[in-house]
There are 4 protein chains.
Amino acid sequence: MSRKSAILAAATDLFAEKGFNETCTAEIAARAGVAQGTLFYHFKSKEGMLLEVFADVMGAYLHGQEQALQGAGDGRAALEEMLRFHFRFLQDNSRHLLVLIRDFPCHLLREDGPRRSQVREQLLAMIALLRTCLERGAHDGSLRVKDAHTTALLLRGLLSGLTRQQLLSPLDVPDLGEEAVAFCLEALRPDGLPAPLAP
Amino acid sequence: MSRKSAILAAATDLFAEKGFNETCTAEIAARAGVAQGTLFYHFKSKEGMLLEVFADVMGAYLHGQEQALQGAGDGRAALEEMLRFHFRFLQDNSRHLLVLIRDFPCHLLREDGPRRSQVREQLLAMIALLRTCLERGAHDGSLRVKDAHTTALLLRGLLSGLTRQQLLSPLDVPDLGEEAVAFCLEALRPDGLPAPLAP
Amino acid sequence: MSRKSAILAAATDLFAEKGFNETCTAEIAARAGVAQGTLFYHFKSKEGMLLEVFADVMGAYLHGQEQALQGAGDGRAALEEMLRFHFRFLQDNSRHLLVLIRDFPCHLLREDGPRRSQVREQLLAMIALLRTCLERGAHDGSLRVKDAHTTALLLRGLLSGLTRQQLLSPLDVPDLGEEAVAFCLEALRPDGLPAPLAP
Amino acid sequence: MSRKSAILAAATDLFAEKGFNETCTAEIAARAGVAQGTLFYHFKSKEGMLLEVFADVMGAYLHGQEQALQGAGDGRAALEEMLRFHFRFLQDNSRHLLVLIRDFPCHLLREDGPRRSQVREQLLAMIALLRTCLERGAHDGSLRVKDAHTTALLLRGLLSGLTRQQLLSPLDVPDLGEEAVAFCLEALRPDGLPAPLAP
DNA sequence: GATGAATGAGATTTCATTCAT
DNA sequence: TATGAATGAAATCTCATTCAT
């Protein structure tokens with residue numbers, strides 16, 4: 001593993017574990033097994049590391065969501081796939097996902113810059129993916145959706161809120177994946193379609 | 001206004017505006033119009049200020065939710081009231097709510113201490129309120145709820161996620177209050193109950 | 001001596017001795033006998049210290065020059081006083097003067113700021129003083145001056161160049177004060193006026 | 001152009017533009033179009049680059065002054081040539097001259113070393129040139145000079161001070177070349193010689 | 001109760017220089 | 001001859017907190 005990826009891995013771990021602010025660059029360097037200066041040879045700044053970590057994790061997540069969307073049948077099935085993928089990703093990569101939701105670099109995105117716009121685009125891409133899925137369902141009658149964009153935002157809020165609660169809550173929160181999937185599908189169920197039998 | 005409440009007000013504003021880490025105590029003192037030392041006469045530490053700000057805002061929020069719960073008729077109506085109260089609070093007190101969701105003191109709550117347990121209890125109280133509401137609906141048949149605790153957690157996750165998205169997203173997010181209320185009610189609608197007419 | 005003036009004194013010494021860039025803040029703190037943080041309690045930045053040191057020394061210098069100008073008789077005598085004062089100041093306060101000419105904060109003055117404009121004004125004040133003196137001499141016939149402003153600039157360049165050479169040259173340079181005074185007076189001697197006898 | 005001269009050219013530009021301390025080696029390498037390591041293959045250190053840049057510029061300057069001195073008639077004419085050459089050089093090569101006067105490596109010259117003594121010798125050569133000129137004038141009666149060495153130092157101080165003021169002053173300083181030449185010639189004019197007519 | 005000067009530990013970042021290739 | 005990744009020492013500055021008054 002190259003030094004740069006060692007740094008990236010160390011930063012990902014630490015940002016997830018302790019948060020961006022509480023992680024100091026000396027710690028990242030130590031965990032990556034490189035000198036402090038090496039960090040700044042490979043990245044412009046600590047913030048630059050976060051942005052790159054961010055883009056990487058988001059890239060993997062988006063890739064998975066795209067595949068979930070493509071593989072599925074009707075809109076409802078696609079949505080189910082996407083929701084399930086989210087919670088699977090949460091289980092398998094909780095460390096990585098934590099970076100996304102812990103220090104989502106809100107303030108970083110207000111200003112501009114190449115990395116920044118990349119992250120913003122990824123965020124929009126996720127919403128677009130959800131919208132595509134919802135529009136398909138609206139079209140084929142498998143989902144009841146009034147406004148696809150609004151509903152996409154609603155779903156994204158729900159997913160990120162649940163994930164945040166799961167990973168960061170001081171309370172012990174059980175895995176709400178199945179419940180959440182059922183909740184969403186039910187909320188978007190067309191009138192004619194009967195509720196699925198409980199498992 | 002006493003010095004202590006001036007400090008609290010200043011801290012609330014700044015924590016909401018810039019976040020806990022980015023706010024320095026000198027700034028709080030300046031905005032409150034007191035000396036830096038005065039901060040530490042009234043509070044044990046900067047973290048202590050956050051905890052108190054937190055408890056205050058959460059107290060007001062909980063108070064409102066309790067009233068919403070008590071005033072309403074059946075479980076479904078009560079839930080609707082609670083959800084609507086949340087988004088009204090978000091509109092009227094976005095600054096304050098921002099403190100709750102921006103720096104939700106996750107790491108602060110892991111350790112113990114008197115203030116810390118207060119905050120944890122408030123968090124539990126909110127979930128209990130939602131559960132009460134859901135149980136009432138389950139009992140009177142106005143809501144379809146399998147497990148009240150799980151659903152309460154789900155609703156809390158949804159609310160906090162949407163609020164976070166609303167207040168912190170780098171994207172322009174419209175007010176999703178109405179959509180969210182409809183979404184939740186629909187998800188919990190009993191089979192027999194017809195969907196409400198669109199407005 | 002207050003801590004702030006101790007810092008100022010230490011900074012003056014070190015800036016004169018080693019130059020601004022080669023002096024580190026830890027050294028200033030050590031020599032002033034204060035903690036490093038104290039520097040930044042009293043000054044915004046290291047550059048802020050330089051600016052203040054600068055303004056102080058320049059203030060003392062200007063004060064002396066003003067007195068030299070006021071006390072003298074005709075323009076020629078006034079100029080002589082001013083030139084002599086410069087070289088006396090150079091002898092008595094070489095440490096302080098060194099700060100002025102070593103790190104004359106050229107680049108600092110391009111941008112703006114309250115301190116910066118103070119320094120710029122002091123610089124202009126010095127030139128104005130020289131011009132006043134030259135104009136007086138032009139008026140009373142004791143000096144031959146074509147353009148007072150230009151000549152003032154020329155004299156300032158000469159003085160600072162000589163001072164710089166004196167204090168910073170790697171060569172051993174003798175005190176050129178007397179020579180310089182004679183040189184300047186001779187250069188500005190009106191046609192009618194006989195050259196003074198050599199001492 | 002060889003790599004080494006590309007480096008030298010880049011260093012000259014940057015040292016003149018931003019000063020020695022504010023120029024970093026990475027920048028020099030980038031502007032020269034070579035790798036950072038290459039800098040240290042050709043030069044012992046960053047300081048070594050400055051010394052070489054210095055010697056080069058000083059060499060060109062001295063060469064011009066020598067020619068000015070040789071080509072002229074009596075001492076007075078020679079001095080005039082030399083002074084004029086200085087200001088012409090200042091106009092044509094302000095970038096290069098800036099290196100000489102901006103970071104005149106005072107502290108560098110205190111210690112020893114082969115390059116260092118070269119620079120010191122060049123400095124002495126310049127003074128010697130001026131002295132030669134003054135002595136010629138003293139001898140042929142075209143200049144009134146009491147002590148040639150002292151006056152040479154005085155002229156050098158004047159020239160470098162004016163140049164510094166011209167190139168680095170935060171104030172807008174007009175070209176003082178003509179004034180300076182006149183000023184010096186007048187200061188050294190023998191009693192019998194009438195002042196030249198104003199142009 | 002209130003102050004604000006002082007602290008010192010620690011954070012990020014810079015940069016000349018080295019060295020294996 | 002040339003490279004460029006890597007270094008680590010050092011520098012400036014921040015900031016929560018303390019304490020004598």
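Just so we're on the same page: letters track the sequence lines, and every chain starts at 1.
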Between [N] ([atom2]) and [X] ([atom1]): distance, integer Å:
X	N	atom1	atom2	result
C/Asn21	F/dA10	CG	C1'	14 Å
B/Glu22	E/dA11	CD	P	15 Å
D/Phe20	E/dT14	CZ	C1'	15 Å
D/Met49	E/dC15	CE	C1'	12 Å
B/His42	E/dG4	NE2	C1'	15 Å
A/Glu47	E/dA11	CD	P	18 Å
B/Ile7	E/dA2	CD1	C1'	10 Å
C/Phe43	F/dT14	CZ	C1'	17 Å

Proximal nucleotide (of [options]) relative to the [X] side chain:
X	options	answer
A/Phe40	F/dA6, E/dT13, F/dT12	E/dT13
C/Thr38	F/dT3, E/dT3, E/dT7	E/dT7
C/Lys46	F/dA16, F/dC13, F/dA6	F/dC13

| Is D/Glu52 paired with D/Lys4 through a side-chain N to carboxylate O contact shorter than 4.0 Å? | yes

| Contacts of C/Phe20 that satisfy ring pair (Phe, Tyr, Trp, His ring centres under 6.0 Å) - sequence neighbours left out | C/Phe15

| request: Kindly indicate whether a cation-pi arrangement holds for D/Lys46 with D/Phe40, taking the cut-offs as under 6.0 Å to the six-membered ring centre and within 45° of the axis. | output: no

| request: Would you please enumerate the stems DNA chain F participates in, each stem being three or more consecutive Watson-Crick or G-U wobble pairs with both distances under 3.5 Å? | output: E:2-21 with F:2-21

Partners of [X] by side-chain hydrogen bond (donor to acceptor under 3.5 Å, both in side chains), sequence neighbours excluded?
X	answer
C/Gln118	C/Arg115
D/Thr163	D/His86
B/Ser5	B/Ser2

| Positions of residues 23-35 of chain D (non-hydrogen atom under 4.0 Å from DNA chain E), listed by number | D/Thr23, D/Cys24, D/Thr25

| query | With nearest nucleotides of DNA chain E determined for A/Ser45 and C/Arg3 from heavy-atom distances, which residue corresponds to the more 5′ nucleotide? | reply | C/Arg3

| field | DNA chain E: 5'-proximal contact among A/Gln36 and C/Gln36 (nearest heavy atom) | value | C/Gln36

Go through the structure and list residues passing salt bridge (charged side-chain N to carboxylate O under 4.0 Å, His left out) with [X], not counting sequence neighbours.
X	result
A/Lys44	none
A/Arg31	A/Asp13, A/Glu17
B/Glu27	B/Lys18

| message | Using heavy-atom distances to pick each residue's nearest nucleotide on DNA chain F, tell me which of D/Leu39 and C/Lys44 is more 5'. | response | D/Leu39

